[in-house]
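Please read these numbers as outputs of a predicted model, since none were measured by experiment. Residue numbers begin at 1 in each chain, while the letters A, B, ... track the order of the sequences.
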Amino acid sequence: MSIGRKQYPFDLIEPKWQAIWDQQQTFRAWNPGETIPPAHPFARRHSSLPPKYYVLDMFPYPSGAGLHVGHPEGYTATDILARYRRALGYNVLHPMGWDAFGLPAEQYAVKTGQHPRQTTEQNITTFKRQIKSLGFSYDWTREVDTTDPDYFKWTQWIFLKLYNSWFNPETNKAEPIETLPYPLELKSEEEKRNHRDNHRLAYVSEAPVNWCPELGTVLANEEVIDGKSEVGGFPVIRKPMRQWMLRITAYAERLLNDLENIEWSHSLKEMQRNWIGRSEGAEVDFPIAERGARSAALGGVIRVFTTRPDTLFGATYMVLSPEHKLVNEITTDAQSEAVRKYKEFAAGRSDLERTELAKEKTGVFTGAYAINPVTGQQVPIWIADYVLASYGTGAIMAVPGHDTRDFEFAQKFNLPIIQVVQPPDPKIDWQGFVDEGTAVNSANREISLNGLPTAEAKRKITAWLEQKRLGKKTINYKLRDWLFSRQRYWGEPFPIIWKNGHHEALPESALPVLPPALDDYKPTAEGQPPLARAKDWVTLPDGSTRETNTMPQWAGSCWYYLRFLDARNPNGFVDRQAEGYWMGTEINPKSEIRNPKSGPTPGVDLYVGGTEHAVLHLLYARFWHKVLFDLGYVSTPEPFFKLVNQGLILGEDGQKMSKARGNVVNPDDMVSEYGADALRLYEMFMGPLQDVKPWSTKNVEGVYRFLGRVWRLFVDEQSETDFEQTATTAANKGPELLNQIRPSATVREAEATPAQLKTLHAAIKKVTEDLDGLRFNTAISALMVFVNEAITWEVKPASVMRDFLTLLQPFAPHLAEELFARLNAGRTDQPATLAYVPWPKYDPALLVESTLEIPVQVNGKLRDRIIVPADANQAQMESVALASDKVKPFIEGKAIKKIIVLPKKLVNIVVG
RNA sequence: GCCGGUGUGGCGAAAUGGCAGACGCACAGGACUUAAAAUCCUGGGACCGUAAAAAGUCGUGUCGGUUCGAGUCCGACCACCGGCACCA
């Protein structure tokens, strides 16, 4: 990939413009009520705030490895749109920040003793330098860093809001904990406190958690993949621990339903729907039978959840999860040893083993029986770890005839299998048939489902169960509450203290709670989190102790898009007016933009990031946002109106980029060799934003050459040759060297020809439409088409070339600014920066052709192309087509059945 | 297994149901140059033709359907990618 001389002096142009933008704060976004300096280019165009456009990137974790070519893909797309919207006249919010809490800095601290703060700052410095070198139009005055106490003060503040709220099922929203009603039977303060603590949105639970010994911390379900930690791939085991949880399950229904009101990709919505996992069914009570039962269990019932109540007559046994609380109560003496051993076995199995060994079912008989409430039959009760304690009621009725898992289990342990569903196709074996069919063998003295299709059978049996008080219709979710504490140092400390075994919130005035200084960042020998090492910090004067867990990395990223709206506010996490303006709920009546289609949308207008956050960050952030919405702190029910996932960039070999494969492309190398504009342009020219696509440095050279052609369109070649001579020998290679380059004599103030206007307006139309549809690759090709044409012009009218640079600016801003400034040298009527120059409008009248080339088909096959006047009517087109010499041989001697004429489009002659 | 996505030249790709392959890469030929690089011009799906053309035939993963007309819509299948996976 050796390249000779530079296509154009991007190495001087790019730093020059980056410095100008920085110094002028060109891309600063203005909040309502802020005074805009009259000299700012925004003020030159707008006298009041126009409608907003909030375009957001997923902020990065600043790793030690630096930027990857995947980062600039999404960042370039959003930057192009930010610049485009500015040109259209919007007030654009386009911020950047750092999701900087996280494990790598902490692991480095454990190894070296260096404070994670230091590592984090170094990494941020590198990331910022790299991002800035690409010329993105971020408003850096709004930069946020989740590890900055001024930031995480508000993360802790939001936690307090969660802690001090409960979810009211009547109103279906969060409310302050003070509104929580207490049942009358609760008398003592202790009882009331327990009741309150059990209803908070942030609560403490003793449930089994995912413990990763290697990482020394617990993980959320979402952070465990195939039984291994998402970070590092270490084994994860289940272990009961006291942990903070967030009651996200209360929002399951709203998180699901509100997906319909936002513009996310179909597949992403599906992923969230699957993760939430709503299923409708029924809870049914099975009384414990006398046979084999211990006296303690008599009179009790086992409640199960099923999505197929229509198969109740086929339930021939029951299974409890090993952790079910009735297990010990019902187990007979004869079986107690076997049950004890099995429970031990199940508890010791890591999630990985459970998954890997899933093919082979295991379980033991408890010795007890329950009564099938519709058949009256006694059915044995087993325990098995294929039934999960954490889903439904932790117990199932097993219908081996029509459930794959129950079928396998029944076969292995010789349990009875009976048919209660007839498949629609009689050729299909009913055994193990799990789809819908017709109920059979499903009747007792009071009710019969026989002959009913599955859906109806479900309805009928559920109604009957409800009437008999044996069960009721129920909805269950796969979604679990969010495990919110980590045994780490480098995270937000909880604003919580413990007093006499109870937790208490610190007052807002105590925020931010800073992590203590430590010499050693490892967990303690007793397995306490690292914060427990700071004894002075942990113990308060009154004897109470601080919570030593920290929040997970997701906490800071749950609300950063809100902090960007008002990043330096010391009095609140976001100002109400700023929030209303940027989130689109306060519409400015003085708007100069009238098109309602492009008016403000509720929430972030466009959010771009990778699919890896499909269920974690995006679900958590939606949840927090809804809580803040319920409590009245934000004005929209959803945070991100439109969301686009950029596709992964693969290495040149078509494999995922990785150090091990040696196919990683470093953006710094691309910038130094081809310049930021070329890298930006290439990342967009590769293909559709959402697609997975392989890197090709050769193709970078292609767009780099295109930028060179643009450059040569505007500059005098002789002076450039002279410049190159000077540049190679000059000691001081500053941007003033560029002054040697003179403009090309072919670009001058001149009347544009109709053909030139047509070329320009075709480009305006295509680029505008493609940007609206996020089709960056074809927009760039339209710019190339324009340049290929313009290169042939003897005279290039300055007005046409200015409009072209306005179109080019979002894609290649440095080059466009430089050429625009040169084109306007000596003129005072032109602005100093392209950033706020209005986007050109295309004039359809200029695109009208006087004659058209029309394809002529015979029986749908292309036979000729004819030239007709653009306004030719059907009869005229028909007669020209029939007269064509190339068409004649195909219609001669045949009967013409029909002629299809589409004006301005085509003629198709159908012959028989 | 379930859900979602994608299959088009040598490669990245483009095409409101209406001229398949825009734009670019790689390649080939030419101009410029002592020469090379860079630049500029020209060519290009395959087959069959031909001195060269023209004409013709085939062609968007496979098979079928709807339609005057299908890369595009419908049905079945195959391959690859991503997600979920004992959730009752």
**OP:** If a pair satisfies side-chain hydrogen bond (donor to acceptor under 3.5 Å, both in side chains) and one of its residues is in residues 856-868 of chain A, list it, with sequence neighbours excluded.
**Re:** A/D864-A/S884
Original post:
Under 6.0 Å between the ring centres of A/F685 and A/F776?
Top reply: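 Centroid distance A/F685-A/F776: not below 6.0 Å, so no.
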**OP:** Step through it carefully: locate the ring centre of A/F723, locate the ring centre of A/W711, and say whether they are under 6.0 Å apart.
**Re:** no
Subject >> Donor/acceptor link under 3.5 angstrom from A/K897 side chain onto base of B/rC68 >> reply: no
**OP:** Report yes or no: is the cationic atom of A/K6 (NZ for Lys, CZ for Arg) closer than 6.0 Å to the six-membered ring centre of A/F10, at no more than 45° off its axis?
**Re:** yes
Original post:
Is it the case that A/K361 places NZ or CZ above or below the six-membered ring of A/F409, under 6.0 angstrom from the centre and within 45 degrees of the axis?
Top reply: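 Judged by the rule, A/K361 and A/F409 form no cation-pi pair.
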Original post:
Going 5' to 3' along nucleotides 11-20 of chain B, which nucleotides have protein heavy atoms under 4.0 Å from the base (write B), which only from the sugar-phosphate (write S), and which from neither (write -)?
Top reply: -BSS-B-BB-
Under 4.0 angstrom between [X] side-chain N/O and [N] OP1 or OP2:
| X | N | answer |
| --- | --- | --- |
| A/R709 | B/rG24 | yes |
| A/R712 | B/rC40 | yes |
| A/Q7 | B/rU39 | yes |
| A/R705 | B/rA37 | no |
| A/N788 | B/rG24 | yes |

Specify the separation, in whole Å, of atom [atom1] of [X] and atom [atom2] of [N].
| X | N | atom1 | atom2 | answer |
| --- | --- | --- | --- | --- |
| A/F706 | B/rA38 | CZ | P | 19 Å |
| A/N274 | B/rA85 | CG | P | 10 Å |
| A/W264 | B/rC3 | CH2 | C1' | 18 Å |
| A/W695 | B/rG24 | CH2 | P | 19 Å |

Original post:
Counting any heavy atom closer than 4.0 Å, what does A/G277 reach on the DNA or RNA strands: base, sugar-phosphate only, or nothing?
Top reply: nothing
Original post:
Checking all strands, does A/K861 fall into the base, sugar-phosphate, or nothing category for heavy-atom contacts under 4.0 angstrom?
Top reply: sugar-phosphate
**OP:** Sequence neighbours left out, what passes ring-ring contact (aromatic ring centres under 6.0 Å, His included) with A/W275? Give chain and number order.
**Re:**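 Expected list: none.
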Mind listing the side-chain donor-acceptor pairs of residues 891-902 of chain A below 3.5 Å, one per line with the distance, residues two or more places apart or on another chain?
none

**OP:** Carefully, step by step, assess A/E849 and A/K758 under the rule salt bridge (charged side-chain N to carboxylate O under 4.0 Å, His left out).
**Re:** CA-CA 9 Å; A/E849 308 272 352; A/K758 195 157 146 187; 2.7 Å; yes
Show the atom names and distances, to 0.1 Å, of all donor-acceptor pairs under 3.5 Å that link a side chain in residues 310-321 of chain A to residues at least two apart or in another chain.
unit_1: A/D310; atom_1: OD1; unit_2: A/R308; atom_2: NE; d: 2.9
unit_1: A/D310; atom_1: OD2; unit_2: A/R308; atom_2: NE; d: 3.4
unit_1: A/D310; atom_1: OD2; unit_2: A/R308; atom_2: NH2; d: 3.1
unit_1: A/T311; atom_1: OG1; unit_2: A/R308; atom_2: O; d: 2.7
unit_1: A/T316; atom_1: OG1; unit_2: A/P416; atom_2: O; d: 2.7
unit_1: A/Y317; atom_1: OH; unit_2: A/D406; atom_2: O; d: 3.0
unit_1: A/S321; atom_1: OG; unit_2: A/H324; atom_2: N; d: 3.4
unit_1: A/S321; atom_1: OG; unit_2: A/G394; atom_2: O; d: 3.4

Original post:
Expressed in whole Å, how much space separates the P atoms belonging to B/rG5 and B/rU57?
Top reply: 38 Å
**OP:** Check for a donor-acceptor pair, side chain of A/H402 on one end and backbone N or O of A/V421 on the other, with a separation under 3.5 Å.
**Re:**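 Side chain of A/H402 to backbone of A/V421, a donor-acceptor pair under 3.5 Å: yes, one is there.
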Original post:
In dot-bracket, 5' to 3', how would RNA chain B read with Watson-Crick or G-U wobble pairs under 3.5 Å, [ ] for crossing ones and | for pairs to another strand?
Top reply: (((((((..(((.....[....))).(((((.......))))).(((........)))..(((((..]....))))))))))))....
Among [options], the nucleotide that comes nearest once only the side chain of [X] is considered:
| X | options | result |
| --- | --- | --- |
| A/I791 | B/rG4, B/rC41, B/rA26 | B/rC41 |
| A/K898 | B/rA88, B/rG56, B/rC68 | B/rC68 |
| A/K478 | B/rA26, B/rC84, B/rA88 | B/rC84 |

